[in-house]
There are 2 protein chains.
Amino acid sequence: MDNSRPNPTGKLAALSRQRLGDQIADALRNQILLGELQPGSNIPERETASALGVSRTPLREALVILEGEGLVSMSPARSPRVSNPSLENLTHLLYVQSALEALAGECACDQMTEQEFKHIEGLNLTLQAMSENADPIDFFTADMAFHEAIVAATKNAPLIKTHKQYNARLWRVRFMSSRKRIKRVSTLDDHSEIVEGLRTRNKQKTSAVLSRHLRTAIDNITSIFDEENQAN
Amino acid sequence: MDNSRPNPTGKLAALSRQRLGDQIADALRNQILLGELQPGSNIPERETASALGVSRTPLREALVILEGEGLVSMSPARSPRVSNPSLENLTHLLYVQSALEALAGECACDQMTEQEFKHIEGLNLTLQAMSENADPIDFFTADMAFHEAIVAATKNAPLIKTHKQYNARLWRVRFMSSRKRIKRVSTLDDHSEIVEGLRTRNKQKTSAVLSRHLRTAIDNITSIFDEENQAN
DNA sequence: CATTATTATTTTGTATACCAAATAATAAAT
DNA sequence: ATTTATTATTTGGTATACAAAATAATAATG
């Protein structure tokens with residue numbers, strides 16, 4: 001966060017083109033997704049600001065941004081907290097994400113270039129190669145990259161942004177869910193079907209498989225919650 | 001915006017449960033939707049803050065919120081501006097809104113109470129009664145209320161919020177589009193089909209008609225843009 | 001010892017102050 | 001008169017200051 005040192009171009013860094021608030025939001029978002037900031041944990045303003053070497057003003061700006069994204073909740077006169085969504089809430093998020101990816105699949109059939117298709121196909125191959133031995137985190141990241149690439153191929157900026165935000169809110173449970181390697185086979189089957197749908201530019205099929213794929217995830221996260229409740 | 005006077009309960013108003021930033025965001029959002037703040041117009045911070053009787057701090061908070069909603073764009077060292085979306089951007093928004101309402105129709109078939117259905121049905125009847133003689137603004141508001149009621153019946157909070165945000169960004173063009181009364185007949189036909197779908201809790205039909213209904217709106221806004229370009 | 005009252009401290013909410021970049025205005029030069 | 005240089009002013013970005021509420025800590029009381 002230190003803006004006073006010279007940047008690579010030699011210039012004095014001056015005022016970065018990106019506001020501090022945005023950079024801080026990026027940093028905090030990462031910490032939340034990585035689990036360094038646990039759901040329900042407090043984000044005290046002074047402490048966090050000084051830890052990042054900034055004042056409370058841009059930190060609060062970041063918190064307001066993250067609140068808008070649903071990753072942080074702010075109550076009056078209380079420390080901001082990392083959101084801790086209920087199973088119901090996560091289910092609701094997945095329904096929306098399912099609809100968004102179904103739309104993405106459909107639009108991608110129209111808008112996707114051949115190069116983009118090859119990229120998506122390649123990501124799926126990578127995923128298949130990883131299926132046997134890769135770390136959960138790597139497999140999960142690759143899985144997410146596959147879905148993001150499809151959405152990106154639509155060139156629909158609002159869709160891409162909204163999808164990204166929903167992904168962030170779902171990141172944690174979906175990662176926990178993906179640790180159950182048992183699910184990898186059916187995941188890969190779905191992905192192959194999606195790739196086939198895209199190859200033939202079959203909107204109906206691509207859209208339907210993506211929708212089903214995401215709705216299946218609802219069952220997976222439900223079992224995650226059940227296990228946690230049994231443990232307690 | 002004056003918080004210093006006693007509130008109706010007699011207490012000193014103290015710190016309102018809602019942050020000033022949120023209240024300001026609501027006020028500015030209204031002004032944008034009503035067209036009092038035109039697309040592309042500047043929102044200078046000092047001037048706007050003093051006009052509202054607040055300091056720049058909560059005003060900036062409001063601007064950051066509205067930027068997240070896509071209603072305002074902030075560039076470094078320039079005055080914040082009311083977003084002025086291109087036809088392409090509006091088209092993209094409508095595709096997403098179409099997918100969201102299709103999902104809403106499907107979920108509403110599952111989640112809607114009989115009372116909620118009666119309410120939706122009633123809104124449609126109101127709309128039909130208005131079709132001949134009502135003001136464009138009233139007809140449009142009733143049209144929007146109909147769609148919002150369907151989304152609300154899903155009880156899916158993230159869906160409701162995202163749909164509301166997309167509605168806000170689309171408000172202006174869709175209002176301009178609705179001024180063409182010629183479209184009212186087909187609008188009402190679609191609505192009646194949607195009501196029938198909901199009555200029979202036919203997910204497939206409800207979802208399909210809602211999706212088509214919204215995608216038709218893309219053609220309507222395209223002609224709005226064409227006319228504007230001819231005028232210039 | 002437990003429980004309530006009261007005080008002290010921490011923490012958020014908002015306002016103000018200051019700096020640097022951008023724009024507007026003015027002066028200088030061709 | 002037009003264009004370029006330079007200065008002044010405005011405006012956004014960030015830090016700091018202060019007020020009010022919430023929490024923690026301490027004292028008082030049954």
Side-chain angles (χ1 to χ4, degrees), chain A residues 1-7 9-28 37 40-68 71-83, chain B residues 1-7 9-28 37 40-68 71-83:
Chain A
M1 263 341 123
D2 183 354
N3 260 13
S4 60
R5 57 173 166 64
N7 63 22
T9 69
K11 284 192 277 187
L12 231 251
L15 277 200
S16 177
R17 56 297 288 113
Q18 200 184 21
R19 270 167 292 151
L20 258 183
D22 285 326
Q23 299 173 234
I24 298 169
D26 289 344
L28 291 178
L37 280 171
S41 64
N42 283 3
I43 311 178
E45 296 186 6
R46 279 176 223 277
E47 186 182 327
T48 310
S50 83
L52 294 170
V54 298
S55 78
R56 282 179 59 213
T57 307
L59 173 68
R60 270 184 71 86
E61 194 174 305
L63 290 170
V64 168
I65 290 170
L66 296 174
E67 186 185 36
L71 292 175
V72 163
S73 74
M74 298 174 80
S75 320
R78 263 175 207 80
S79 280
R81 278 188 279 279
V82 179
S83 295
Chain B
M1 258 348 117
D2 183 355
N3 260 14
S4 61
R5 56 175 166 63
N7 63 24
T9 70
K11 284 192 276 186
L12 233 247
L15 278 200
S16 176
R17 61 299 288 103
Q18 200 184 19
R19 270 166 295 150
L20 258 183
D22 285 326
Q23 300 173 233
I24 298 169
D26 290 343
L28 292 178
L37 280 171
S41 64
N42 284 2
I43 311 178
E45 296 187 5
R46 282 173 225 274
E47 185 182 329
T48 310
S50 83
L52 294 170
V54 297
S55 78
R56 283 178 60 212
T57 307
L59 173 68
R60 270 185 72 85
E61 193 173 305
L63 290 169
V64 168
I65 290 171
L66 295 173
E67 185 186 35
L71 292 175
V72 163
S73 73
M74 298 173 78
S75 321
R78 263 172 207 81
S79 279
R81 279 188 278 279
V82 179
S83 295

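Values in this document were obtained by computation on a predicted structure and should not be read as measured data. Numbered from 1 within each chain, the chains take letters A, B, ... in sequence-line order. Quick note: numbers below take in every heavy atom, side chains included, and nothing from hydrogens, waters or symmetry partners.
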Polar atom pairs (N or O), protein with nucleotides 9-11 of chain D, under 3.5 Å:
from: D/dT11; atom 1: O3'; to: B/S79; atom 2: OG; distance (Å): 3.4

Taken to the nearest whole Å, CZ/A/R56 to P/C/dA15 is 14 Å
Over how many whole Å does the gap from B/I24 atom CD1 to C/dG13 atom P extend? 13 Å
Return the OG1 to CG distance between B/T57 and B/L20, rounded to the nearest 0.5 Å. 10.0 Å
Stepwise salt bridge (Lys or Arg N to Asp or Glu O under 4.0 Å) check, B/R19 with A/E67: CA-CA 13 Å; B/R19 270 166 295 150; A/E67 186 185 36; 2.9 Å; yes
Can you tell which of D/dT16, D/dG13, C/dT12 lies closest to the side chain of A/S55? D/dT16
By nearest heavy atom, map B/I43 and B/T57 onto DNA chain D; which one lands nearer the 5' end? B/I43
To the nearest Å, how far apart are A/L52 CG and D/dA15 C1'? 15 Å
Spacing between A/L59 atom CG and D/dT14 atom P, to the nearest angstrom: 12 Å
Atom pair CZ (A/R56) and CG (A/L63), whose distance is rounded to the nearest 0.5 Å: 10.0 Å
Rounded distance (Å) that lies between atom P of C/dG13 and atom CD of B/Q23: 13 Å
Whole angstrom is fine here: how far is it from CZ in A/R81 over to C1' in C/dT11? 13 Å
Gap separating the CZ atom of A/R60 from the CD atom of A/E45, nearest 0.5 angstrom: 4.5 Å
Distance, rounded to the nearest Å, where B/Q18 contributes CD and D/dA21 contributes P: 17 Å
Here the distance between atom P of D/dT16 and atom CZ of A/R60, to the nearest Å, is 17 Å
Drop me the distance from A/I43's CD1 to A/S73's OG, to the nearest 0.5 angstrom. 8.5 Å
Pairwise distance CD1(A/I24) to CD1(A/I65) - rounded to 0.5 angstrom: 9.0 Å
